[in-house]
Amino acid sequence: MSIASPTSTVLPYLTQAQAELTRHIDVINEHGVHEQVSIPAERALTLYVDKREIVTLMTLGAHPELLVLGYLRNQRLVADVSDVESITVDWEAGEDGAGVAAVKTRHGIADIAARTEKRVVTTGCGQGSVFGDLMGEIDGLALPDARLSQARLYGVLNAIRLQETTYKSAGSVHGCALFNGEQMQIFVEDVGRHNAIDTIAGWMWMNNVTANVDSIFYTTGRLTSEMVMKSAQMGVAVVVSRSGITQMGYDVATRLKLCTIGRATNKHFLCYTSSERMQLDPTLAAGGVHKVAGV
């Protein structure tokens with residue numbers, strides 16, 4: 001993956017409305033002692049596109065403009081970053097303390113009412129819904145001929161282990177990262193893994209980053225059908241999770257020939273799908289490699 005040289009593509013204007021990620025509260029511990037801890041500062045962000053209300057996202061607010069841009073991309077409401085003129089976020093503009101994200105497109109979105117009418121509600125914390133037919137674009141997706149060595153996988157897991165995170169200080173959040181080989185390109189945390197992956201998708205658009213054979217997507221959350229689809233839409237053929245995979249996530253990944261790896265911590269992992277993309281070296285794993293039978 002690389003960041004391309006500047007092109008003639010007109011990028012949208014984005015505000016920089018980052019919010020505080022954590023809040024300090026007083027608690028009483030098991031010894032009856034008062035202490036102060038940090039918790040994630042979850043906020044509501046209502047999205048409007050050309051003054052039409054679309055959805056309310058629950059988010060930390062670390063990169064709200066990129067979250068909105070990636071959401072529009074992954075919901076397939078806009079086809080190109082240049083279709084968006086601006087994204088303006090105001091954390092005090094909504095009702096009941098909710099923030100507002102106002103998106104202005106350059107030419108409008110055709111049939112937006114019909115395209116947002118059919119809604120598939122998916123599993124997961126935070127906002128996890130998609131518009132339209134979840135499976136409708138699978139056959140049109142072409143993934144790179146990616147390969148992942150066991151040594152590189154361990155390098156990715158070690159980089160995640162060393163990453164400073166809100167989770168370490170406050171808990172209750174999900175993290176997602178995009179790697180080029182073992183090099184971390186971007187790391188994002190939010191209250192839901194869907195928000196985190198949408199933010200990464202928005203970052204890729206704004207920075208003209210394209211996935212390639214060395215791209216690896218990592219998430220702390222489980223691999224649902226939507227997470228697999230969003231990874232594929234970004235052009236990533238290898239997805240790694242600290243958690244497991246759902247049945248529909250497994251079926252979608254199999255159909256896409258996307259390599260999914262779960263339960264990945266320390267030296268342990270399970271390769272669920274497209275194991276032909278993996279270059280295994282069992283000598284690297286104390287106790288051997290755990291691999292799902294028949295995959």
Side-chain angles (χ1 to χ4, degrees), residues 1-7 11 18 21 60 62-63 66-67 69-70 73-74 81 142-169 173-190 193 195-221 223 227-228 230-243 253 256 258-271 273-281 283-285 289:
M1 176 190 323
S2 60
I3 299 179
S5 302
T7 67
L11 296 176
Q18 182 179 22
L21 302 184
L60 285 181
H63 308 283
L66 294 179
L67 165 61
L69 185 62
R73 175 184 183 178
N74 284 333
V81 66
L143 297 178
D145 186 23
R147 294 291 185 270
L148 175 65
S149 70
Q150 193 161 333
R152 180 181 293 175
L153 172 60
Y154 288 161
V156 166
L157 297 180
N158 187 57
I160 290 294
R161 182 181 63 83
L162 298 175
Q163 176 71 25
E164 289 297 323
T165 66
T166 300
Y167 179 84
K168 291 178 181 178
S169 64
V173 297
H174 277 296
C176 292
L178 187 66
F179 285 83
N180 183 32
E182 295 179 30
Q183 180 182 2
M184 186 184 297
Q185 303 294 292
I186 182 174
F187 179 86
V188 174
E189 289 179 299
D190 213 315
R193 62 190 183 277
N195 288 351
I197 193 173
D198 284 348
T199 301
I200 290 176
W203 176 86
M204 292 176 70
W205 251 4
M206 285 297 295
N207 291 278
N208 195 23
V209 171
T210 304
N212 62 26
V213 294
D214 292 322
S215 297
I216 304 166
F217 176 75
Y218 174 89
T219 178
T220 58
L223 299 175
M227 291 297 288
V228 171
K230 287 182 176 183
S231 300
Q233 285 176 318
M234 295 190 302
V236 179
V238 178
V239 180
V240 180
S241 171
R242 187 177 66 189
S243 186
L256 287 167
L258 184 147
C259 181
T260 53
I261 299 166
R263 302 294 186 185
T265 56
N266 299 320
K267 295 296 183 70
H268 174 69
F269 64 87
L270 300 172
C271 180
T273 58
S274 292
S275 60
E276 69 276 4
R277 291 187 182 272
M278 287 209 68
Q279 299 167 351
L280 295 173
D281 184 355
T283 62
L284 297 177
V289 174

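Here the shortest heavy-atom pairing between Phe187 and Gly175 reads CZ-CA, 4.2 Å. Residues Ser241 and Leu223 approach most closely at CB-CG, 3.7 Å, considering heavy atoms. Nearest heavy-atom pair across Ala264 and Leu157 is O-CD2, 3.7 Å. A pairwise comparison of heavy atoms in Leu60 and Leu21 identifies CD2-O, 3.8 Å as the closest pair. The nearest pair of heavy atoms linking Leu256 to Ala232 is CD1-CB, 3.6 Å. The two residues Thr219 and Cys176 come nearest to each other via the heavy atoms OG1-SG, 3.5 Å.
Between Tyr154 and Phe269 there is a side-chain heavy-atom pair separated by less than 4.5 Å. Contact annotation: the side chain of Leu284 never approaches that of Lys267 to less than 4.5 Å [non-hydrogen atoms, C-beta and beyond]. For the pair Ile160/Phe179, a side-chain contact is recorded, criterion being any heavy-atom separation below 4.5 Å from C-beta on. Side-chain contact between Leu66 and Trp205: absent, with no pair of heavy atoms (C-beta onward) separated by less than 4.5 Å. The closest side-chain heavy-atom distance from Arg242 to Thr265 is below 4.5 Å. Using a 4.5 Å heavy-atom threshold, the side chains of Met234 and Phe217 count as touching. In this structure, Ile197 and Ser231 have side chains that are in contact, with non-hydrogen atoms separated by less than 4.5 Å. By the 4.5 Å heavy-atom criterion applied to side chains, Arg277 and Leu143 are counted as neighbours.
Note that CD of Gln279 is 10.5 Å distant from CD of Gln150, once rounded to the nearest 0.5 Å. One distance of note links CG of Asp190 with NE2 of His63; it measures 9.5 Å at 0.5 Å rounding. Rounding to the nearest 0.5 angstrom, the gap separating the CD1 atom in Ile186 from the CD1 atom in Ile200 is 5.5 Å. Here Glu276 contributes atom CD and Cys271 contributes atom SG; the two are 8.0 Å apart, rounded to the nearest 0.5 Å. How far CG of Leu67 is from CG of Asn195: 5.0 Å, rounded to the nearest 0.5 Å. Distance check: Ile261 CD1 to Ser274 OG gives 10.0 Å after rounding to the nearest 0.5 Å.
For Asn158, the CG atom is densely surrounded, since the number of other residues' heavy atoms within 6.0 Å is greater than 12.
In this structure, the side chain of Asn212 engages the main chain of Asp214 through a donor-acceptor pair within 3.5 Å.
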Should Val236 and Leu178 be marked as a side chain to side chain contact (heavy atoms under 4.5 Å, CB included) after you check the CA-CA gap, both sets of side-chain angles, and the distance that decides it?
CA-CA 9 Å; Val236 179; Leu178 187 66; 4.0 Å; yes

Test side chain to side chain contact (heavy atoms under 4.5 Å, CB included) applied to Leu11 and Met206, step by step
CA-CA 7 Å; Leu11 296 176; Met206 285 297 295; 4.3 Å; yes

